[in-house]
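Worksheet: the structure to be examined is printed underneath.
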Amino acid sequence: MSHKINKILIANRGEIAVRVMRACRDLGITSVGVYSECDKTAYHVRMSDEAVYIGNSPSTESYLVQDNIIRAAKETQADAIHPGYGFLAENPEFAQRCLDEGLIFIGPSPETIRLLGDKLQARALALKAGLSVIPGTDLDGRDSKAALQLVRDIGFPILVKAAAGGGGKGMRVVESEALFAEALASASSEAASSFGDGRVFVERYLKRPRHIEIQTLRDQHGNCVYLGERECSIQRRHQKVIEETPSPVVSPELRKRMGEAAVNIVRMSGYVGAGTVEFLVEKDGSFYFLEVNTRLQVEHPITEMVSGLDLVKEQISIAEGKKLTIRQEDVALRGHAIECRIYAEDPSEGFVPSTGRLKNYRPPSGPGVRVDSGVVIFSEIPIYYDPIIAKLVVWGQDRPEAISRARRALEEFRLSGVKTTIGFHRVIMDNKKFLDGDLSTRFLEEEFPDNNYQLFSDDLVERAAIAAALDTFVKERKITLGNGRRSRSTGSSWTTFHRRNNLRSFGGSR
Amino acid sequence: MSHKINKILIANRGEIAVRVMRACRDLGITSVGVYSECDKTAYHVRMSDEAVYIGNSPSTESYLVQDNIIRAAKETQADAIHPGYGFLAENPEFAQRCLDEGLIFIGPSPETIRLLGDKLQARALALKAGLSVIPGTDLDGRDSKAALQLVRDIGFPILVKAAAGGGGKGMRVVESEALFAEALASASSEAASSFGDGRVFVERYLKRPRHIEIQTLRDQHGNCVYLGERECSIQRRHQKVIEETPSPVVSPELRKRMGEAAVNIVRMSGYVGAGTVEFLVEKDGSFYFLEVNTRLQVEHPITEMVSGLDLVKEQISIAEGKKLTIRQEDVALRGHAIECRIYAEDPSEGFVPSTGRLKNYRPPSGPGVRVDSGVVIFSEIPIYYDPIIAKLVVWGQDRPEAISRARRALEEFRLSGVKTTIGFHRVIMDNKKFLDGDLSTRFLEEEFPDNNYQLFSDDLVERAAIAAALDTFVKERKITLGNGRRSRSTGSSWTTFHRRNNLRSFGGSR
Amino acid sequence: MPRYHVVVDGKEFDVEVNYRSGQYEVSVNGRPLRVQSHRLGESRSLLLVDNQSLEVDVRINGDGGKIVFMKGMEMSVSVEDYNLAQLRKIAGIHSGPLVEATFRAPMPGLVIDVRVQPGQKVKRGEPLLVIEAMKMENIIKAKGDAIVKATHVRGGQSVEKGDVLLEFE
Amino acid sequence: MPRYHVVVDGKEFDVEVNYRSGQYEVSVNGRPLRVQSHRLGESRSLLLVDNQSLEVDVRINGDGGKIVFMKGMEMSVSVEDYNLAQLRKIAGIHSGPLVEATFRAPMPGLVIDVRVQPGQKVKRGEPLLVIEAMKMENIIKAKGDAIVKATHVRGGQSVEKGDVLLEFE
């Protein structure tokens with residue numbers, strides 16, 4: 001059954017709201033943005049066709065308030081809701097609420113979200129679908145002694161994980177028995193406060209695995225394809241920092257095996273829409289099911305760059321009940337794509353969030369460069385939400401070309417006012433292990449222990465000294481500088497050129 | 001013989017200088033920009049690694065002064081010069097000068113430039129290479145009577161063209177005998193003043209041809225490929241406005257025939273580098289050789305979007321003496337790309353140039369969108385040079401997707417301070433003939449006689465009225481508006497929503 | 001309540017504006033609209049009209065009117081007091097931009113050719129002058145039928161934007 | 001000629017600056033450089049050092065120093081009079097940013113946990129506090145060895161950027 005969507009409310013903010021609005025524009029669908037108090041003039045509000053206020057700045061009073069979102073959809077007569085990622089994206093109650101209100105929820109069914117959102121159930125399903133899982137166990141209802149015994153059987157180090165949720169919340173690596181009890185308690189309490197569900201389970205902790213995920217699409221008619229993998233091993237605090245596709249280690253044969261495994265679990269869960277099946281992959285190519293993310297991923301653009309597909313348009317088309325127009329044999333992946341997540345964080349201070357106003361903001365452009373921004377010049381970065389401000393996505397014919405373009409684009413960024421991870425990405429693009437494609441989820445802690453990295457070249461440091469000294473000089477002397485338009489007072493290089501010898505001698509006596 | 005290039009001086013300005021600098025960055029090559037007086041703080045200067053002043057604002061005192069360019073290259077120890085397009089790009093003396101000074105000129109040899117730059121010689125060569133040319137003749141040295149007789153044999157309407165140069169200069173369409181003498185004189189004088197060569201020739205004027213060109217690459221070792229076509233029929237005053245690839249009418253078979261014809265003439269002229277062979281194509285698929293452009297074309301990015309190649313990198317690689325890494329059978333063209341040239345011109349005033357300062361400038365982004373800009377926010381658009389300020393390049397899986405993305409991107413542009421062709425492009429993207437792919441070089445004059453087109457929807461016109469009235473109101477009342485950061489005075493939509501009925505009645509009495 | 005006569009793109013609007021307890025009350029041709037306007041810096045603002053979002057940049061035009069930039073395009077807008085405009089209409093005085101008796105240079109450039117002479121009748125669309133600017137020859141055509149009164153430039157002369165080139169009777 | 005002691009990223013520079021007939025004369029650690037600086041608006045400028053082009057944005061830092069933005073990155077820079085800096089060095093007074101005896105909130109947020117107590121010795125890298133901001137728990141670690149003198153916050157408390165959280169002896 002096919003139902004044309006005419007207006008979509010995007011229950012999100014920032015770059016992903018803007019991203020979804022662009023797909024709406026391409027499809028001739030009216031987009032409705034929602035905004036909290038501090039987002040009144042946010043970029044996603046400016047980009048939306050219509051915008052509705054939904055409450056105070058804290059997300060618990062706005063973007064997470066189902067009533068307000070539903071009311072905004074009703075007021076604007078939207079016929080569908082796109083949840084983006086985060087906020088209500090993987091909330092089965094919200095998905096159900098949309099259905100009850102006669103709204104199309106752009107994502108899988110509440111049942112599927114619930115099933116796959118519970119890591120224990122998802123794990124059981126994966127086993128049924130013939131996938132390998134990491135040795136581990138549920139700890140529900142066990143006393144601490146029984147739990148410890150189960151954990152001993154698995155062997156340390158182990159990983160404690162929240163049964164609900166994701167994104168590193170409620171996750172702890174435990175190296176030895178002595179630390180187990182405390183880690184269990186803190187993971188459980190963090191899980192309870194974050195997801196309202198304190199259940200945790202434990203798994204063997206793989207030492208240096210890669211995090212590789214498969215993008216899938218499945219329509220309401222049961223047609224399903226996989227669109228290659230994304231290597232997301234570069235993480236800190238279980239948050240992805242850089243993603244790329246193809247993975248430097250996935251052969252066509254491994255891609256096929258992982259893709260088919262992903263399609264299996266997606267089919268068995270009754271999944272409809274765009275989904276991502278995450279795996280941990282070991283050196284020998286063995287891969288273990290991790291979880292299914294029942295939403296659009298932050299890093300979806302790299303798959304778009306190599307596949308030529310627009311994943312948000314595919315999501316909408318599937319939600320309309322249309323059949324996939326692509327079959328597995330049509331999937332053609334070209335070149336190499338890399339995403340660098342630009343966070344408003346201070347890498348030199350352990351990535352603490354950096355808030356403030358963007359006094360300058362000019363993203364890079366040119367061949368092979370796409371920037372999905374959630375901000376524009378003069379945007380305020382509020383404290384209330386995820387600190388991602390933009391995603392730099394580059395494409396190249398091959399990995400070296402993609403990396404060289406990432407370098408170029410990172411240096412081309414002009415941004416003042418908040419600290420960001422741009423310089424940090426620039427350092428990674430020169431890291432030998434990264435260049436060799438020698439990655440694991442421990443890459444960052446191994447390569448940059450204590451956040452120790454050289455951000456600035458000697459040349460750049462000297463330039464900063466000159467710029468700051470000139471600034472002081474000008475302010476002290478109140479010299480009016482030409483703005484390049486009218487001033488002819490700063491002279492030409494030709495004259496400077498001929499004056500060079502004089503200059504040499506003026507400072508040469510020291 | 002291979003010679004690694006380490007530093008390239010870009011003898012150009014604006015978007016093409018920026019474009020070449022980006023390729024240099026990707027290759028790890030140092031770029032040297034040059035700038036005139038009014039370009040001191042131009043974007044291309046900011047993007048260059050090094051920058052050298054080369055003279056006063058008029059291009060005849062800066063970008064066209066060979067001595068200054070060569071001197072800048074020597075001063076900065078550049079080993080190659082990239083001429084971009086326009087200025088010295090197709091000047092054989094300059095190419096020769098570079099060689100004499102031991103600099104690599106990134107482009108074909110002076111002999112090739114000279115040969116192909118002379119339309120009469122190029123025409124003769126095309127005939128020798130087995131290409132069809134439009135019936136026509138040289139008028140050199142004939143008296144007006146003899147010339148008129150030759151023209152009668154061809155049949156009116158005829159086209160008078162300068163033997164040298166291009167870009168519509170010295171070109172006249174003559175509908176009847178009575179107008180011939182005057183057109184001949186004015187074309188010849190314009191050609192003389194523009195190119196220092198008053199020779200003209202005449203051709204049969206094709207009524208509604210398409211302008212379709214083939215991109216070629218040929219290395220120093222004789223390897224040559226063609227990279228599909230570009231349809232450039234949408235022109236005004238013989239200047240391209242919108243280009244796309246593939247052409248809506250070129251079949252794989254026609255592409256192969258045109259491509260092979262292009263390769264033939266490129267080979268016979270001894271061409272080295274990236275070149276473009278232009279054809280006029282009639283409804284029945286017959287195609288006539290027009291000319292070879294011995295430089296990078298403005299519209300090269302659309303070929304990059306579908307081929308995945310970086311044409312500037314290919315140019316540099318060829319100039320280094322490297323062999324092409326791609327063979328004809330490897331050329332895979334994917335999807336559809338469209339370029340809209342954004343000129344600083346007023347379409348409602350017959351496209352007169354619009355100069356001034358960009359008070360706001362925020363180019364679009366997102367999936368399938370690339371913008372090659374020559375400007376940034378606060379840039380000054382000087383009077384002295386080509387009015388192109390940016391090129392919007394969009395890609396889609398097919399033509400409809402590319403067009404929908406062009407629409408979206410055009411509406412996403414934020415630009416204040418000068419008039420541009422953005423709105424004009426937006427109109428074309430809704431034109432029925434354009435949507436049908438029913439194009440010819442007369443498209444614009446047939447579809448928009450007297451520059452008559454509806455730029456603004458009724459809704460948008462009403463919004464402008466409201467915005468202007470509010471602006472007047474605020475200035476008169478000196479109301480301080482919140483900037484969205486601190487102000488809580490503008491209320492929320494929820495309160496507004498509940499006040500709706502009151503509002504309805506307040507104005508309902510009129 | 002302030003009321004304005006607004007002309008955009010040849011279309012006339014009767015716009016009433018009020019500002020009460022932090023909220024605009026706007027009615028256009030008698031139709032009330034919910035309007036919010038948030039400043040984005042300098043002359044730019046985000047306009048929400050019945051929830052519909054639009055970024056606008058309102059600047060002063062050279063002719064005393066305003067220029068509104070939206071969606072990459074610009075519109076010339078004139079705003080005047082509604083009652084004054086009504087009075088003017090009754091008095092038969094032309095409202096909106098006047099048809100200029102003087103023709104000014106639309107851009108700086110070099111006059112290549114002057115195609116008309118004083119006393120000459122010209123029709124709409126007939127070429128008046130050729131000006132070279134930004135490397136292009138621009139043929140300036142008559143915007144309506146008129147009689148040339150005087151020419152103030154000749155071929156080869158440089159002109160600045162706004163210089164008087166021709167006068168019409 | 002004005003002479004400055006500049007510290008960037010732990011590196012010290014002796015920078016002399018003069019402005020003569022529209023031209024900067026700059027020497028860095030005695031090495032003369034050809035420098036041009038063109039304003040790009042507000043605090044941004046285009047710097048040409050021996051032809052090398054760089055866009056910089058120099059702003060005031062909270063600590064009284066400057067912050068220089070270049071190539072998408074930022075550097076903290078302190079600039080002081082060269083002679084003053086020399087005198088201070090002779091007098092043995094620490095130049096450059098002081099190691100703070102008070103630890104201030106690096107961002108606004110919610111204090112989740114305070115991991116230290118007054119009198120406690122902490123080593124570099126040891127966790128001091130956990131602050132939640134932007135949906136992330138951030139563990140604030142000691143930047144060096146120190147003894148905690150006082151704690152001014154406790155778990156559950158909201159803090160603004162710059163609030164004093166801890167004092168060291």
Sort [X] into side chain, backbone, both or neither according to what part of it lies under 4.5 angstrom from a heavy atom of chain A.
X	result
D:I67	side chain
D:V17	both
D:V8	both

When heavy-atom pairs shorter than 4.5 Å are enumerated against chain D, which of [options] gives the highest number?
options	answer
A:R362, A:K419, A:E412	A:K419
A:L460, A:I422, A:D346, A:L415	A:L460
A:D459, A:N360, A:D458, A:T420	A:N360
A:L470, A:V461, A:V352, A:I466	A:V461

Original post:
chain D heavy atoms under 4.5 Å from A:F424: which part of the residue, side chain, backbone, both or neither?
Top reply: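 Neither the backbone nor the side chain of A:F424 comes within 4.5 Å of chain D.
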Subject >> Per-residue contact mode, A:L455 against chain D (heavy atom under 4.5 angstrom) >> reply: both
Subject >> Euclidean distance, A:S457 OG relative to D:K71 NZ, rounded to 0.5 Å >> reply: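 Here the interatomic distance stands at 7.0 Å.
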Original post:
Is it true that A:R414 and D:E55 make a salt bridge, defined as a side-chain N closer than 4.0 Å to a carboxylate O?
Top reply: yes
Original post:
Do NZ/NE/NH1/NH2 and the carboxylate oxygens of A:D471 and D:K66 come within less than 4.0 Å?
Top reply: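 Here A:D471 pairs with D:K66 in a salt bridge, since their nearest N and O are under 4.0 Å apart.
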Subject >> Sole residue of D:V28, D:N29, D:V15 in side-chain contact (heavy atoms from CB on, under 4.5 Å) with A:E462 >> reply: D:V28
